[in-house]
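So you know, we letter chains A, B, ... as the sequences are listed, proteins then strands, and number each from 1.
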Amino acid sequence: MKAAVRTGRRPPRPPPLAVAQTVARMKPEKAHVPLAPLLKSFKVRLANGPPLAPNSKTFKSYAETCASLLRLCRAAAIGNTTPACSSYFSSNLPLALSLHAHAVRAGVAADRSVASHLLTTYAAFARSAERDRAFRDCVAADAASSFTYDFMVSEYVKAGDIASARRLFDGMPERSVVSYTTMVDALMKRGCVADAVELYEQCPLGSVAFFTAMIAGFVRNELHQNALGIFHKMLSCSVRPNDITFVCVIKACVGAGEFGLAMSIVGLAIKSNFFEKNIEVQNYLITLYRRMGDAAAAFKVFDEMEVKDVVSWTALLDVFADSGDLDGARRVLHAMPERNVVSWATLIARYEQKGDAAEAVRLYCEMLADGCRPNISCFSSVLSASASLQDLRGGARIHAHTLKMGCSTNVFVSSSLIDMYCKSKKCSDAQRIFDSIPEKNIVCWNSLISGYSYNGKMVEAEDLFKKMPAKNSASWNTIVSGYVQNRQFIDALKSFNAMLASGQIPGKITFSSVLLACANLCSVEMGKMAHAKTIKLGVEESVFVGTALSDMYAKSGDLESSKRIFYQMPERNNVTWTAMIQGLAENGFAEESILLFEDMLATKTPPNEHTFLAILFACSHGGLVEKAIHYFETMQVWGISPKEKHYTCMVDVLARAGRLTEAEDLLMKTPSKSEANSWAALLSACSTYKNEEIGERAAKKLHELEKDNTAGYVLLSNMYASCGRWKDAAEMRLLLKGITLKKEGGCSWVQVRGEYHAFFSWEARHPLSLEIDEILDLLTWELSI
DNA sequence: ATAGGGTTAG
């Protein structure tokens, strides 16, 4: 228009043939502004009747014109044109339809080029019925080329109709390597590895894309060695790999644990300029270097990139986040030229994983305020954060968002919802979510089982566990750790044996639960057996397993083994140190425990509240009052506020040293409700040091906190006795008799042929208790004669 | 045929 104004006259109307040639020469993606008026004028000519003489030459041009126009329509439909062009084609389906009608009238619809473009145009407009009819017409007119078949195969694959794709593929006059590639890729993505391999063996020759698809497929199915095998085969067939192949091969190396090989292939590919300008490859490299822990290399790739997009920036954000610099990651998020859901989701997930769930939720709100719509990943992370905050109201609000977005039944989202409701003690809501999932996967089952265990409902958990259609290692870990959490240690070991019997191989997580069960049962034999298995399976190097092993031996009283494991561990975390410190303290080695604590601080391992509890426990057992006071004050330095249990330890150590007033003062200062145990400890010390005044106050407090505390009455009675107040002591004893108190039951167990049998003092729960009693009577009788 | 983030178990 502007050109017209400047020159003062309209551009000359081109004759139809010239238009046809111009349009035919143009590639849709190259289409730019002058094209629109050109097409407009052509459309007018079409509408005004055919001025074309029906000779073969014009037909050919006309067919080409139709084809080109259809191609443009398609390009516009899939959004692959310049803005000027796409605005012209904003309602372009009618144009395509009229062109189709025109081509039919002119008798050129069956032309090879027109027919194939009709097919692709209808496909682009998602008119599958018209597309299929065009395909049938093509085949009937013998105008179907290899491309036509390839295209239809990929159409079916895109629609997820693998059966139709396969049928068409099998019936193809001659299968092209393109179709082989499409089929192999589709099969691999659906996990049908065997079928893909069968096609691979049938395929007479392979292209780069075909081999690469096989490699990518194997990597997707975690068959990394097979992927490397294909790469080898490809090289021996002298097919040159390209940048995409290299990315897949590097992934295969990483998956197979061949990090050295991975890095040398990266080096080779960089040196051969394979990775120079491919933005996708460079984005992958950033992530690869991050996962290898080489932040500097990741930064270098980012800095040297000529073109950076959202993905590059998000990958950079994650490099910051992964190296612990969440503030840096947040700065990247705000400095990015463009950010999307993934950028937000990444940061939210990282805060959640680092344990700062509150910040994750805040970021989610910030994201919504920024006008960004959450997606499935986002929901998973933020729901997981709500779960750890036990924030039922916030979680339910996000649940409402998922309903609104129509993704509440997605397996990722619903698994997180189940977790959230269970952590907020709403098992029935979790069950309802579970029931509403149309296609449950293993994680959905595992989440609900874990949720029931978390709420102490092992019967429901066990029931679900039995009903689940397939179990993976996480399922077994969930049920074993569920029993351990609910202190059903024997059941935990039984489940562990069932796991072994089912052929499922236990991992480091399984062993940390199993060893904890052994430690609590003081079962050295079982613990040693588990220890042997960890060595056999090569998981004893893990921090979790090592910690659990060292803890198990310490709790079983075998401090030598415990210490040996501790000192041989390649990696120790604060839990490891705490367990060892506690083990020494509980076995009476207070001094050694304190020395180890000082070693821990020297290695710059930050202590937590459990560590301080262990060290205060050590001081209290060793009667080290001054040290205890020192460490109690040190807690403030580490920003840890003492909990009830810490106060109890302090009261115990002060009271036992006779510093009763200080102990009472500390108890009065306890910020939250103090433990009954701490008053009992004070009361006990009052009887030792014959202090009636504090003793009576302590007894009163103890009575307030726990009406049924038998120990309190006994202690008070003892204190009166120690002070010579016999009458009061006798009164206490009488009072004690008058109250029906629930006595703590005793329990013992025995292992027979690998199976545990437990006996309880208050009820006969063993299924064979009648028979056992009879045998016992027999034995007693035999002894008496 | 390739790139960034996500659910359960310790």
Using a cut-off of 4.0 Å on non-hydrogen atoms, how would the nucleic acid contact of Asp243(A) be classed: base, sugar-phosphate, or nothing?
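The residue Asp243(A) makes no contact with any strand.
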Is the centre of the [X] ring less than 6.0 Å from the centre of the [Y] ring?
{"X": "Phe169(A)", "Y": "Tyr180(A)", "value": "yes"}
{"X": "Phe496(A)", "Y": "Trp476(A)", "value": "no"}
{"X": "Phe566(A)", "Y": "Trp577(A)", "value": "yes"}

Rounded interatomic separation in angstrom, taking [atom1] from [X] and [atom2] from [N]:
{"X": "Asp150(A)", "N": "dA1(B)", "atom1": "CG", "atom2": "P", "result": "11 Å"}
{"X": "Tyr289(A)", "N": "dA3(B)", "atom1": "OH", "atom2": "C1'", "result": "15 Å"}
{"X": "Tyr284(A)", "N": "dA1(B)", "atom1": "OH", "atom2": "P", "result": "18 Å"}
{"X": "Phe231(A)", "N": "dA1(B)", "atom1": "CZ", "atom2": "C1'", "result": "14 Å"}
{"X": "Glu338(A)", "N": "dG4(B)", "atom1": "CD", "atom2": "C1'", "result": "13 Å"}
{"X": "Phe210(A)", "N": "dA1(B)", "atom1": "CZ", "atom2": "P", "result": "12 Å"}

Summarise how protein sits on nucleotides 5-10 of chain B as a single string, 5' to 3': B when a protein heavy atom is under 4.0 Å from the base, S for sugar-phosphate-only contact, - for no contact.
BBBBBB
Polar side chain donor-acceptor pair, Asn242(A) to Thr245(A), under 3.5 angstrom
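Present: a donor and an acceptor within the cut-off.
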Under 3.5 Å, side-chain donor or acceptor atoms of residues 291-300 of chain A against the rest of the protein: list the pairs with distances, not counting sequence neighbours.
from	atom 1	to	atom 2	distance (Å)
Asp294(A)	OD1	Ala297(A)	N	3.2

Does any pair with a residue in residues 408-427 of chain A pass ring pair (Phe, Tyr, Trp, His ring centres under 6.0 Å), and if so which ones, sequence neighbours excluded?
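Sorted pair list: His399(A)-Tyr421(A).
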Between the base of dG4(B) and the side chain of Asn340(A), is there a donor and acceptor pair under 3.5 angstrom?
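In this structure, the two groups form a donor-acceptor pair.
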Confirm from the modelled atom types if Asn242(A) and dA1(B) form a donor-acceptor pair under 3.5 Å, side chain to base only.
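Answer is yes: a donor-acceptor pair is held.
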Looking at Arg220(A), does any N or O in its side chain come under 4.0 Å of the phosphate oxygens OP1/OP2 on dT2(B)?
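Yes, within the criterion.
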